[in-house]
Amino acid sequence: MRWLLLIAMCLGSTPAARAADNRPNIIFLLTDDQRYDTLGASGNPIIRTPNLDTLAAGGVFFDRAYVTTSICAVNRACIFTGQYASAHGIHDFQTSLSPRQLARSYPAMLKAAGYRVGFVGKFGVGTKPVGLFDYDRGFDGQGRYFQEVDGRERHLTELMGDWAIEFLRTHEGDRPLCLSVSFKAPHVQDDDPRQFLYDPALEDMYAEDVIPPVPLSERSFFEALPEFLRTSENRRRWHKRFADDAMYQRSVKGYYRLISGVDLAVGRILRTLRELGMEKNTVILFTSDNGFYLGERGFAGKWFAHEVSIRVPLIVYDPRPDAALPGNAGTRREELVLSIDLAPTMLALAGIEPPAEMDGLSFLPLIRGNAPHWRTEFFYEHLFQHPHIPRSEAVRTQRWKYIRYIDIEPPYEELYDLPTDPHEEHNLAGLDTQEATLRMMREKWRAWRERLR
């Protein structure tokens, strides 16, 4: 396979086999469509995620983790390559990673450096490559939540837990491992009217809870939006999920049950690590591929640059004695970290220098409690072509967010002062008092575009 040859050509003599290999095992857990505030550790008073909360309590929780594009296929390409979408050039669901991109992806580079590499779940970028993973239980497309195995119906999240455990139990221990577990949950089953297809074993979970309405869910807020947003795909999907209170309660509880199902699978993985004596040398990273509207602005889905769509949970748990975490465990970091930072961070954990073309930064110094010079802003882009999802770009600084819908003439803009308006309720773009700020953010937007294209 051409891309396998490219690994050796691109990497040269990467330090792979060491006589006494003490590099950490790496487990990368990725959920699908999980917004930042859907963990107990993120302050949600209803959802039950005890295993993930335990990881957060013993690790580092990043309060301001973001994706650079809020759509699963494109952002998964960002995660694999450590690049902005404008750099890797994948903007749809059909395009696969090129041989060179595969060779410079985090799993290929870890494999070339001597890691045993496994993949479980949704690959998500075009067609899954053959031969990249030493253990491969990945699948193309969305997958199905319910599958018949040995004559009985099994839920996909539970099956993925089985596959992850199989990978761990078959590891011989003579080299480090990297396991990527890419859950379908809590993504909906698009073609099923029930949408959120959780494991029936979790039916009673949240049955007695009442989910409060989210901010900006009042109809008056939706009606004040411009027509191109009121007729977008986000509104069509709102009708399928959140159109009345009964539907809202049913959908959000289903969404929470899917997340709790992931938490149960994570608990099984953690128990297996302990049983195998691997828990002290295994770094675990947990995040999501994008956020999710739960009715804010009268929307469902993701795609746009509002916080609920682009902000995700991020936990890093590193139990190694020399990782400088014992005194730093249970801390929260406020730096802006991005999905494109995941690949360089995993490579840094393995002692591998990230390729120069990676746009992301290793946040290993942040995990270790250091205070390096760090980014103060980032660029957001959603360039997927869809007749009812207007393309958009944005710049988010530590204070301001500027959103620009690039297919609308004249371009429609949003401007938010985030410290005083965290829900992004008040669009300041049309106010004379904010004209200077608007000009400043437009210039940042132009500079980012010029840099990336």
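Numbers for residues simply follow the sequence, beginning at 1.
- Salt bridge status for Lys302 with Asp33: present, with a side-chain N to carboxylate O gap under 4.0 Å.
- Under 3.5 Å, the side chains of Tyr206 and Ser260 contain a donor-acceptor pair of N or O atoms.
- When only modelled atom types and interatomic distance are considered, Glu381 and His91 share no side-chain donor-acceptor pair under 3.5 Å.
- Under the 3.5 Å distance criterion, with hydrogens and angles disregarded, a donor-acceptor pair is assigned to the side chains of Tyr405 and Glu414.
- Ring geometry, Phe133 versus Phe123: the interplanar angle exceeds 60°, so the pair is classed perpendicular (tilted spans 30 to 60°).
- Between Phe80 and Tyr106, the distance from one ring center to the other falls under 6.0 angstrom.
- A donor and an acceptor atom, one from each side chain of Asp263 and Asn51, are located under 3.5 Å apart.
- Salt-bridge annotation for Asp162 and Arg268: present, with a side-chain N of the basic residue lying under 4.0 Å from a carboxylate O of the acidic one.
- Checked against the 6.0 Å centroid criterion, the rings of Phe146 and His155 qualify as a close aromatic pair.
- A centroid separation of 6.0 Å or more is found between the aromatic rings of Tyr256 and Tyr198.
- With values rounded to the nearest 0.5 angstrom, Phe242 atom CZ is found 5.0 Å from Leu294 atom CG.
- Between the CG atom of Asp32 and the CD atom of Gln142 there is a distance of 6.0 Å, given to the nearest 0.5 Å.
- Within the structure, the salt bridge (charged side-chain N to carboxylate O under 4.0 Å, His left out) test picks out the following pairs touching residues 383-399 (sequence neighbours left out): Glu307-Arg396, Arg391-Asp407, Glu393-Arg449, Glu393-Arg453, Arg399-Asp417.
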